[in-house]
S.K.: 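Structure below; questions to follow.
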Number of protein chains: 2
Amino acid sequence: MKFLYHPDRAELNLSTVLYALSDPVRLLIVSKLSTGEERTCGDFGLPVVKSTVSHHVRTLRESGVVRVRVQGTQRFVSLRADDLNDRFPGLLAAILKAYNVSEEKQNLLSNGQQS
Amino acid sequence: MKFLYHPDRAELNLSTVLYALSDPVRLLIVSKLSTGEERTCGDFGLPVVKSTVSHHVRTLRESGVVRVRVQGTQRFVSLRADDLNDRFPGLLAAILKAYNVSEEKQNLLSNGQQS
DNA sequence: TCTATCGTTCGATTATAATCGAATTATAGA
DNA sequence: TCTATAATTCGATTATAATCGAACGATAGA
């Protein structure tokens, strides 16, 4: 069984988090997690193959943006909203709000698959 | 005389802006501009050579984070706070606040020069 | 016109990362 | 034990970018 590294709340680094959130695919993942519910890796409906999804989820996890929980053959991914809010108050909300009014999601999905 | 490209307010792109802000040197530049005053490129006191400063200022300009104004042999750089606030309300403030309470500035400057 | 200053550009190096497909691992369930 | 499923890892490719030093360009001022 693999150990999945997650940085502690106090170790969250601003540039690292901003970098993790600066990729369109990863922004889409975070947007889909913003309801607060968990999703499995296969459940994101992303326009990239599964090994690429795995790479992006790992980047988000190692930066501290998401938490990954193993159950059986699946990984349940959730937003670390509380930790992010503690360290960077208002940041996640501002990014999600900006993302939702932008057309970035549409740009990404118009060449890929749907919700 | 060179024409300096600046994206319009409406063209600001979230992932591009986040990427521009995900570099420690560029975060330091933005932090120093956050008083609202202009600075020249040579005036940032960064721990990198001037060609690297030029590269970072260009990245910030082309992403829409800063405006660059030419006067004589100098470039006056300022934050596009109004444009960023219009498109991404709260984002800049959250990032600056997070940056100021972090130790990233210290990390960067401890190996370089001061203020 | 000469020179110093400010900044950009260029070329090179090095590092990082986004992406894919194939192979692999781990687990649940028949 | 066998098989299907979920996801990771690996290797390769391609692209991007951070950094430096050297050369260049533009301008102000002597």
Side-chain angles (χ1 to χ4, degrees), chain A residues 1-6 13 15-30 38-63 65-78 104 107-109 111-113, chain B residues 1-6 13 15-30 38-63 65-78 104 107-109 111-113:
Chain A
M1 230 279 267
K2 285 281 302 182
F3 171 74
L4 295 180
Y5 169 75
H6 293 84
N13 179 269
S15 5
T16 306
V17 167
L18 292 179
Y19 181 78
L21 294 173
S22 73
D23 180 272
V25 175
R26 292 193 293 263
L27 267 182
L28 181 52
I29 292 175
V30 168
E38 290 181 317
R39 292 231 192 186
T40 63
C41 290
D43 211 32
F44 286 116
L46 301 170
V48 289
V49 302
K50 62 181 181 167
S51 59
T52 303
V53 175
S54 187
H55 161 72
H56 284 305
V57 170
R58 177 184 180 153
T59 301
L60 287 168
R61 172 175 54 81
E62 293 183 341
S63 73
V65 173
V66 304
R67 191 169 296 283
V68 180
R69 178 174 71 81
V70 179
Q71 187 173 46
T73 61
Q74 300 185 107
R75 270 79 173 141
F76 285 89
V77 185
S78 56
E104 291 199 41
N107 291 346
L108 192 57
L109 292 178
N111 302 14
Q113 51 243 57
Chain B
M1 232 277 267
K2 286 281 301 180
F3 170 76
L4 295 180
Y5 169 75
H6 293 83
N13 178 269
S15 3
T16 306
V17 166
L18 292 178
Y19 181 78
L21 294 172
S22 73
D23 180 272
V25 175
R26 291 193 292 263
L27 267 182
L28 181 52
I29 292 174
V30 168
E38 290 181 316
R39 292 232 194 186
T40 64
C41 290
D43 211 33
F44 286 115
L46 302 170
V48 288
V49 301
K50 61 180 181 167
S51 58
T52 303
V53 175
S54 186
H55 161 73
H56 285 305
V57 170
R58 177 184 181 154
T59 300
L60 288 168
R61 173 175 54 79
E62 293 182 341
S63 73
V65 173
V66 304
R67 191 170 296 282
V68 180
R69 177 174 71 82
V70 180
Q71 189 173 45
T73 62
Q74 300 186 107
R75 270 78 174 142
F76 285 89
V77 184
S78 57
E104 292 198 42
N107 290 345
L108 192 57
L109 293 178
N111 302 13
Q113 51 242 56

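Proteins come first, then strands; the chains are lettered A, B, ... in the order of their sequence lines, and each starts at number 1.
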S.K.: Shortest non-hydrogen contact from B:V30 to B:L21?
M.R.: CG2-CD2, 3.7 Å
S.K.: What is the distance, rounded to the nearest whole Å, between atom CD1 of B:I29 and atom P of C:dG7?
M.R.: 12 Å
S.K.: For the helix from C:dT1-D:dA30 to C:dA30-D:dT1, what angle separates the axis at the start from the axis at the finish, each from five pairs, in steps of 10°?
M.R.: 20°
S.K.: Can you tell me the distance, in whole Å, between the CZ atom of A:R61 and the C1' atom of D:dT8?
M.R.: 10 Å
S.K.: By side-chain contact (heavy atoms from CB on, under 4.5 Å), which residues pair with B:S78, not counting sequence neighbours?
M.R.: B:E38, B:R67
S.K.: To the nearest Å, how far apart are B:L60 CG and D:dA18 C1'?
M.R.: 14 Å
S.K.: Provide a list of protein-nucleic acid N or O atom pairs under 3.5 angstrom, restricted to nucleotides 11-17 of chain D.
M.R.:
none

S.K.: How long is the span from the CD1 atom in A:I29 to the CG atom in A:L46, to the nearest 0.5 Å?
M.R.: 5.0 Å
S.K.: Between B:S15 and A:S22, what is the shortest heavy-atom contact and its length?
M.R.: CB-O, 3.2 Å
S.K.: Picking from C:dA18, D:dT9, D:dT19, which would you name as closest to the side chain of B:V25?
M.R.: D:dT19
S.K.: In whole angstrom, what separates A:R75's CZ from C:dT25's C1'?
M.R.: 9 Å
S.K.: Please identify each residue that fulfils side-chain contact (heavy atoms from CB on, under 4.5 Å) with A:S63, with sequence neighbours left out.
M.R.: A:T16, A:A20, A:V65
S.K.: Please report the distance, rounded to the nearest Å, between NE2 in A:H56 and P in C:dT19.
M.R.: 4 Å
S.K.: Give each protein N/O atom lying under 3.5 Å from an N/O atom of nucleotides 21-25 of chain D, with the pair distance.
M.R.:
| unit_1 | atom_1 | unit_2 | atom_2 | d |
| --- | --- | --- | --- | --- |
| D:dG21 | N7 | B:S51 | OG | 3.4 |
| D:dG21 | O6 | B:S51 | OG | 3.0 |

S.K.: Would you kindly compare A:T59 and B:R58 by the position of their nearest DNA chain C nucleotide and give the one closer to the 5′ end?
M.R.: B:R58
S.K.: Among residues at least two apart in sequence or on other chains, which ones pass side-chain contact (heavy atoms from CB on, under 4.5 Å) with B:R75?
M.R.: B:C41, B:V68, B:V70
S.K.: Give a yes or no on whether the backbone of A:H6 and the side-chain of A:R61 come within a donor-acceptor separation of less than 3.5 Å.
M.R.: no
S.K.: From the options D:dA7, D:dT8, C:dT9, select the nucleotide whose nearest atom is closest to the side chain of A:S54.
M.R.: D:dT8
S.K.: Could you list the donor-acceptor pairs under 3.5 angstrom formed between side-chain atoms of residues 48-60 of chain B and any protein atom two or more places apart in sequence or on another chain?
M.R.:
| unit_1 | atom_1 | unit_2 | atom_2 | d |
| --- | --- | --- | --- | --- |
| B:H56 | ND1 | B:R26 | NH1 | 3.1 |
| B:R58 | NE | B:E62 | OE2 | 3.1 |
| B:T59 | OG1 | B:H55 | O | 3.1 |

S.K.: How close or far is atom C1' of D:dA26 from atom CZ of B:F3, stated in whole angstroms?
M.R.: 18 Å
S.K.: Nearest whole Å is fine: how far is C:dT5 P from B:F76 CZ?
M.R.: 17 Å
S.K.: Got a second to check how far B:Q74's CD is from B:R69's CZ, nearest 0.5 Å?
M.R.: 9.5 Å
S.K.: Figure out the CG/C1' separation between A:L46 and C:dT19, and round it to whole Å.
M.R.: 13 Å
